[in-house]
Amino acid sequence: MQEWATRLAFSVVERTKFVTAASEIGRNTLVHGKGGAMEISEVQRDGRQGLRLVFQDQGPGIADLQRAMADGFSTANSMGLGLGGTRRLVNEFDISSQPGEGTRVVITQWKRR
(Lines give C-alpha, C1' and ligand atoms only; values in the text may rest on other atoms or scores of the structure.)
Protein backbone atom coordinates (compact mmCIF):
# COMPACT_ATOMS: atom_id res chain seq x y z
CA MET A 1 0.00 0.00 0.00
CA GLN A 2 2.94 2.33 0.54
CA GLU A 3 3.77 1.93 -3.16
CA TRP A 4 0.19 2.92 -4.06
CA ALA A 5 0.34 6.00 -1.82
CA THR A 6 3.69 6.98 -3.32
CA ARG A 7 2.36 6.53 -6.87
CA LEU A 8 -0.60 8.80 -6.06
CA ALA A 9 1.89 11.37 -4.68
CA PHE A 10 0.60 11.34 -1.11
CA SER A 11 2.74 13.46 1.17
CA VAL A 12 5.15 11.74 3.55
CA VAL A 13 2.80 12.52 6.46
CA GLU A 14 -0.28 11.17 4.63
CA ARG A 15 1.62 8.00 3.66
CA THR A 16 2.96 7.46 7.16
CA LYS A 17 -0.46 7.87 8.78
CA PHE A 18 -2.12 5.53 6.30
CA VAL A 19 0.53 2.81 6.54
CA THR A 20 0.47 3.01 10.35
CA ALA A 21 -3.31 2.70 10.42
CA ALA A 22 -3.23 -0.19 7.94
CA SER A 23 -0.59 -2.00 9.99
CA GLU A 24 -2.70 -1.74 13.14
CA ILE A 25 -5.90 -2.98 11.49
CA GLY A 26 -3.98 -5.72 9.66
CA ARG A 27 -2.50 -6.86 12.95
CA ASN A 28 -5.95 -6.89 14.56
CA THR A 29 -7.31 -8.91 11.64
CA LEU A 30 -4.59 -11.53 12.10
CA VAL A 31 -4.42 -11.65 15.89
CA HIS A 32 -8.02 -11.06 16.98
CA GLY A 33 -9.84 -12.09 13.81
CA LYS A 34 -7.71 -15.22 13.33
CA GLY A 35 -6.84 -14.14 9.78
CA GLY A 36 -8.85 -12.62 6.99
CA ALA A 37 -8.52 -10.59 3.85
CA MET A 38 -7.55 -7.07 2.83
CA GLU A 39 -8.66 -5.31 -0.33
CA ILE A 40 -7.02 -2.12 -1.60
CA SER A 41 -8.51 0.25 -4.14
CA GLU A 42 -8.02 3.71 -5.54
CA VAL A 43 -11.06 5.92 -5.01
CA GLN A 44 -12.13 9.32 -6.30
CA ARG A 45 -14.64 11.81 -4.99
CA ASP A 46 -15.20 15.41 -5.98
CA GLY A 47 -11.98 15.46 -8.00
CA ARG A 48 -9.90 14.06 -5.13
CA GLN A 49 -7.89 10.86 -5.21
CA GLY A 50 -7.61 8.49 -2.32
CA LEU A 51 -6.87 4.98 -1.18
CA ARG A 52 -9.33 2.68 0.55
CA LEU A 53 -8.54 -0.51 2.45
CA VAL A 54 -11.19 -3.01 3.45
CA PHE A 55 -10.25 -5.59 6.10
CA GLN A 56 -12.62 -8.52 6.66
CA ASP A 57 -12.37 -11.48 9.00
CA GLN A 58 -14.67 -14.24 10.17
CA GLY A 59 -13.30 -14.23 13.70
CA PRO A 60 -15.17 -13.95 16.99
CA GLY A 61 -16.28 -10.36 16.34
CA ILE A 62 -16.42 -7.49 18.81
CA ALA A 63 -19.19 -7.63 21.40
CA ASP A 64 -19.01 -3.96 22.44
CA LEU A 65 -17.75 -1.72 19.62
CA GLN A 66 -18.16 1.49 21.60
CA ARG A 67 -15.98 0.15 24.39
CA ALA A 68 -13.43 -1.26 21.90
CA MET A 69 -13.10 2.16 20.26
CA ALA A 70 -12.35 3.89 23.57
CA ASP A 71 -8.75 4.77 24.35
CA GLY A 72 -7.34 2.54 27.07
CA PHE A 73 -9.41 -0.53 26.17
CA SER A 74 -7.32 -3.59 25.34
CA THR A 75 -7.86 -7.31 25.12
CA ALA A 76 -4.15 -7.87 24.45
CA ASN A 77 -2.56 -6.08 27.43
CA SER A 78 -1.44 -3.22 25.19
CA MET A 79 -1.85 0.53 25.58
CA GLY A 80 -5.33 0.28 24.09
CA LEU A 81 -4.86 2.90 21.38
CA GLY A 82 -5.47 0.62 18.37
CA LEU A 83 -8.96 1.26 17.00
CA GLY A 84 -9.40 4.78 18.39
CA GLY A 85 -5.89 5.75 17.32
CA THR A 86 -6.44 4.32 13.87
CA ARG A 87 -9.65 6.31 13.51
CA ARG A 88 -7.70 9.50 14.24
CA LEU A 89 -4.98 8.70 11.69
CA VAL A 90 -7.22 8.40 8.62
CA ASN A 91 -9.77 10.62 6.92
CA GLU A 92 -12.56 8.04 7.00
CA PHE A 93 -13.02 5.06 9.30
CA ASP A 94 -15.90 2.60 9.42
CA ILE A 95 -16.18 -0.55 11.49
CA SER A 96 -18.90 -3.15 11.77
CA SER A 97 -18.80 -6.31 13.80
CA GLN A 98 -21.13 -9.02 15.00
CA PRO A 99 -20.17 -11.50 17.70
CA GLY A 100 -19.57 -14.87 16.09
CA GLU A 101 -19.59 -13.43 12.56
CA GLY A 102 -16.40 -11.37 12.31
CA THR A 103 -15.38 -7.79 11.79
CA ARG A 104 -15.14 -5.47 8.78
CA VAL A 105 -13.04 -2.29 8.90
CA VAL A 106 -12.84 0.25 6.06
CA ILE A 107 -10.25 3.03 6.13
CA THR A 108 -9.82 5.76 3.54
CA GLN A 109 -7.12 8.37 3.14
CA TRP A 110 -7.59 11.28 0.75
CA LYS A 111 -4.73 13.05 -0.96
CA ARG A 112 -4.52 16.69 0.05
CA ARG A 113 -5.12 19.13 -2.76
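Along the sequence shown, residues carry numbers from 1.
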**Student:** Considering only heavy atoms from C-beta outward, does the side chain of Gln56 approach that of Glu39 to under 4.5 Å?
**Tutor:** no
**Student:** Look at the side chain of Gln109 and the backbone N and O of Asn91, then say whether any donor-acceptor pair between them is shorter than 3.5 Å.
**Tutor:** yes
**Student:** Would you say the side chain of Thr29 lies within less than 4.5 Å of the side chain of Val105, judging by non-hydrogen atoms?
**Tutor:** no
**Student:** So, taking the atom named CD in Glu101 and the one named CD1 in Ile62, what distance separates them when rounded to the nearest 0.5 Å?
**Tutor:** 13.0 Å
**Student:** Do you know which two heavy atoms are closest between Leu51 and Val43, and how far apart they sit?
**Tutor:** N-CG2, 4.1 Å
**Student:** Indicate yes or no: at least one non-hydrogen side-chain atom of Phe18 is less than 4.5 angstrom from one of Leu89.
**Tutor:** no
**Student:** Answer yes if Leu8 and Val106 sit in the same cluster of Ile, Leu, Val, Met, Phe, Trp and Tyr residues linked by side chain heavy atoms under 4.5 Å apart, and no otherwise.
**Tutor:** no
**Student:** For the hydrophobic clusters of this structure (ILVMFWY residues joined by side-chain heavy atoms under 4.5 Å, transitively), does one cluster hold both Ile25 and Val54?
**Tutor:** no
**Student:** Just how far is it from atom CD of Glu3 to atom CZ of Arg15, taken to the nearest 0.5 Å?
**Tutor:** 10.5 Å
**Student:** Quick one, Phe10 and Gln49 - any side-chain contact, counting heavy atoms below 4.5 Å?
**Tutor:** no
**Student:** Report yes if some heavy atom in the side chain of Asp57 is under 4.5 Å from a heavy atom in the side chain of Leu30; otherwise report no.
**Tutor:** no
**Student:** Under 6.0 Å from the CZ atom of Arg112, do we count more than 12 heavy atoms belonging to anything else shown?
**Tutor:** no
**Student:** So among Ile107, Leu65, Thr86, which one has a side-chain contact (heavy atoms from CB on, under 4.5 Å) with Ile95?
**Tutor:** Leu65
**Student:** So, for Ser97 and Gly102, which heavy atoms are closest and what is the spacing to 0.1 Å?
**Tutor:** OG-O, 3.2 Å
**Student:** If hydrophobic clusters are built from ILVMFWY residues whose side chains come within less than 4.5 Å, do Trp110 and Val90 share one?
**Tutor:** no
**Student:** Below 4.5 Å, heavy atoms only, C-beta onward: do Arg48 and Arg45 meet side chain to side chain?
**Tutor:** no
**Student:** Identify the two heavy atoms, one from Pro60 and one from His32, that lie closest to each other, and give their separation to 0.1 Å.
**Tutor:** CD-O, 3.2 Å
